[in-house]
Amino acid sequence: MSTEKILKAGKIASQVKIYARTIVKKGIPLLEIAEKIEAKIFELGGKPAFPVNLSINEVAAHYTPGHDDKTAANGLLKVDFGINVDGWVADNAFSVDLDENEENKKLVKASENALSEAVEFIKSKTADYRIKRTGISITTNKIGSIISKTIEASGFSPIINLSGHSMEQYSLHAGITIPNIDDGKTIKLEEGLYAIEPFATPGSGKVRDGKPSGIYELTSEKSPRSSLAREILEFIKKEYNTLPFCSRWIFKKFEARGLFALKELEANGNLHHFSQLVEVSDSKVSQAEQTIFIDKEGIVIVTTE
């Protein structure tokens, strides 16, 4: 792993998070917010690791505005973005109450507290590892237990089928799941890059697939039939590799013909099209997220306020 590039991505993410908090206001078009955040990422020397997600209320994740989206920021808004430096990613998120709603504020605090408690636990265990050199004694289910207990202590439920995840170069979800509950799986964290990602809700605590999100991921390089689709496929491979991208970005580069090509590539099996993720009882959801990096020296909080 490239520690230098991971830390650079984290530094950019922290700066962008400060900037994002200044522009997220009720009534501002989501499209404007997304494009300003993505522009700031480029300005600071990174690339978006995935399209900025701006999910409102019961939509827990995977909402990014389309090129002609008119939706305005409102309610309980999750702002989820990542920084890509040569494929090494810093992933982070925060939630904002735009309605001056007490339950919203409590939900935001619940996910933030759960994240803080989980990170503090990991820090304490990696400190033991650094001192004793006896191996990292952190299991994923223990992290999940801390997250769920913290959220439940606030009177809410964790989202049990959303989770944190390990990350590798050009891979956002690299195989290890960091659950938001004690799922009984005693998988030990190794040295590596991880996103810790609690979600809290007053609802049922699960998400379902909703509408198509306009967010895609390259899954196959097999040749499509049309020359246009082949052109777009080559652009996707070069520009995004296997990291997620969105129809809005393709439209910006290729206009409407790019959207036709995306449909062909999806039908040809080249792309996975993500669904929006919606809380099953249509209850509001809050999210908090940080990226951590564990190496032989201990833990580094890659993304900070």
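Computed from a predicted structure; not experimentally measured. Only heavy atoms go into these numbers, but all of them, side chains included; no hydrogens, no water, no symmetry mates.
The main-chain N or O of Ile160 is never found under 3.5 Å from a side-chain atom of Asn180 such that the two would form a donor-acceptor pair. With hydrogens and angles disregarded, a donor-acceptor distance shorter than 3.5 Å links the side chain of Asn161 to the backbone of Val207. At least one donor-acceptor pair closer than 3.5 Å links the side chain of Asn92 to the backbone N or O of Phe81. Using modelled atom types, no side-chain atom of Ser116 and backbone atom of Glu112 make a donor-acceptor pair closer than 3.5 Å. Under the 3.5 Å distance criterion, the side-chain polar atoms of Glu264 are matched with a main-chain donor or acceptor of Arg225. Judged by distance alone, with hydrogens and angles left aside, the side-chain atoms of Asp97 form a donor-acceptor pair with the main-chain N or O of Asp99 at under 3.5 Å.
Between Thr177 and Lys185 there is no side-chain heavy-atom pair separated by less than 4.5 Å. Counting only heavy atoms from C-beta outward, the side chains of Ile56 and Leu98 never approach each other to under 4.5 Å. Proximity of His273 to Ser213: side-chain heavy atoms (C-beta onward) are separated by under 4.5 Å at one or more points. No side-chain heavy atom of Leu107 sits less than 4.5 Å from a side-chain heavy atom of Ser95. Lys11 is not listed as a side-chain neighbour of Lys8, based on a closest heavy-atom distance of 4.5 Å or more. Side-chain contact between Leu271 and Leu262 is present, with heavy atoms from C-beta onward closer than 4.5 Å. In this structure the side chain of Leu233 never reaches within 4.5 angstrom of the side chain of Asn268, judged on heavy atoms. When side chains are defined from C-beta on, His62 counts as touching Asn53, because their heavy atoms get closer than 4.5 Å.
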Can you list the steps and then say if Val302 with Ile6 is a side chain to side chain contact (heavy atoms under 4.5 Å, CB included)?
CA-CA 7 Å; Val302 176; Ile6 290 168; 3.8 Å; yes
Dump the intermediate steps for side chain to side chain contact (heavy atoms under 4.5 Å, CB included) on Ile236 and Asn270, then the final yes or no.
CA-CA 10 Å; Ile236 291 167; Asn270 297 101; over 6 Å; no
Stepwise, does the side chain to side chain donor-acceptor pair (under 3.5 Å) test hold for Glu217 with Thr219?
CA-CA 6 Å; Glu217 185 177 75; Thr219 55; over 6 Å; no
Start with the C-alpha gap between Asp182 and Asn141, add the side-chain angles, then the distance that decides, and say whether side chain to side chain donor-acceptor pair (under 3.5 Å) holds.
CA-CA 5 Å; Asp182 183 348; Asn141 69 313; 3.2 Å; yes
Step-by-step side chain to side chain contact (heavy atoms under 4.5 Å, CB included) determination, Leu172 to Val89
CA-CA 7 Å; Leu172 272 177; Val89 173; 3.7 Å; yes
Let me see the working for His67 and Ser247 under side chain to side chain contact (heavy atoms under 4.5 Å, CB included), right down to the final yes or no.
CA-CA 8 Å; His67 71 278; Ser247 59; 5.7 Å; no
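To the nearest 0.5 Å, atom OG of residue Ser286 and atom CD of residue Glu103 are 10.0 Å apart. Taking CH2 of Trp249 as the start and CD of Glu35 as the end, the distance is 11.0 Å to the nearest 0.5 Å. In this structure, CG on Leu54 lies 6.5 Å from OG1 on Thr64, to the nearest 0.5 angstrom. Distance CD1/Ile83 to CZ/Phe50: 8.5 Å, rounded to 0.5 Å. With rounding to the nearest 0.5 Å, the separation of OG in Ser163 from CD1 in Ile196 is 10.0 Å. With values rounded to the nearest 0.5 angstrom, Ile294 atom CD1 is found 6.0 Å from Ile122 atom CD1.
The salt bridge (Lys or Arg N to Asp or Glu O under 4.0 Å) test applied to Glu231 returns Arg257, not counting sequence neighbours. By the salt bridge (Lys or Arg N to Asp or Glu O under 4.0 Å) test, Glu38 pairs with Arg248, sequence neighbours left out. Listed by chain and residue number, nothing satisfies the salt bridge (Lys or Arg N to Asp or Glu O under 4.0 Å) test with Glu266 (two or more places apart in sequence, or in another chain). Taking Glu32 as the reference, Lys36 meet the salt bridge (Lys or Arg N to Asp or Glu O under 4.0 Å) condition, with sequence neighbours excluded.
When hydrophobic clusters are built by joining Ile, Leu, Val, Met, Phe, Trp and Tyr residues whose side-chain heavy atoms come closer than 4.5 Å, directly or via intermediates, Val85 is grouped together with Val16. Tyr170 and Ile215 fall into different hydrophobic clusters, where Ile, Leu, Val, Met, Phe, Trp and Tyr side chains are chained together by heavy-atom contacts under 4.5 Å. Hydrophobic clustering (ILVMFWY, side-chain heavy atoms < 4.5 Å, transitive): Phe251 and Ile37 are in distinct clusters. A chain of hydrophobic side-chain contacts below 4.5 Å, direct or via other Ile, Leu, Val, Met, Phe, Trp or Tyr residues, connects Ile143 to Ile176. Under the 4.5 Å side-chain heavy-atom criterion for grouping Ile, Leu, Val, Met, Phe, Trp and Tyr, Ile181 is not connected to Phe121 through any hydrophobic cluster.
With a 6.0 Å radius and a threshold of 12 heavy atoms from other residues, nucleotides or ligands, Lys142 has its NZ atom at or below the threshold. Within a 6.0 Å sphere centred on CZ of Phe260, heavy atoms belonging to other residues, nucleotides or ligands number 12 at most. Residue Lys40 qualifies as enclosed at atom NZ: its count of foreign heavy atoms under 6.0 Å is above 12.
Taking all atoms of both residues into account, the shortest heavy-atom contact from Ile33 to Ala73 is CD1-CB, 3.9 Å. Gly45 and Ile12 make their closest contact through C-CD1, 3.8 Å (heavy atoms, listed as atom of the first residue, atom of the second, distance). Nearest heavy atom pair, residue Pro51 against residue Cys246, reads CG-CB, 3.5 Å. Here the closest non-hydrogen pair linking Ser226 and Ala229 is OG-N, 3.0 Å. For the residue pair Ser281 and Gly203, the shortest heavy atom distance occurs at OG-CA, 3.5 Å. Here the closest heavy-atom approach between residue Val278 and residue Gly210 is recorded as CG2-CA, 4.1 Å.
Classification of the Tyr240-Phe235 ring pair by plane angle, with boundaries at 30° and 60°, yields perpendicular. Note on ring orientation: taking the six-membered ring where Trp is involved, the planes of Tyr216 and Phe245 are parallel (angle under 30°, cut-offs 30° and 60°).
The ring pair (Phe, Tyr, Trp, His ring centres under 6.0 Å) pairs that include a residue from residues 171-212 are His165-His173, where partners are two or more places apart or lie in different chains. Pairs of residues two or more places apart, or lying in two chains, that qualify as side chain to side chain donor-acceptor pair (under 3.5 Å) and include a residue from residues 70-80 are Tyr63-Thr71, Asp69-Thr71, Asp80-Gln287.
Note on Asp282 versus Arg208: salt bridge recorded, some NZ/NE/NH1/NH2 to OD/OE distance being below 4.0 Å. A salt bridge does not link Glu152 to Lys149: none of the charged nitrogens lies less than 4.0 Å from a carboxylate oxygen.
Looking only at atom types and distance, the side chain of Lys284 has a donor-acceptor partner in the side chain of Asn104 under 3.5 Å away.
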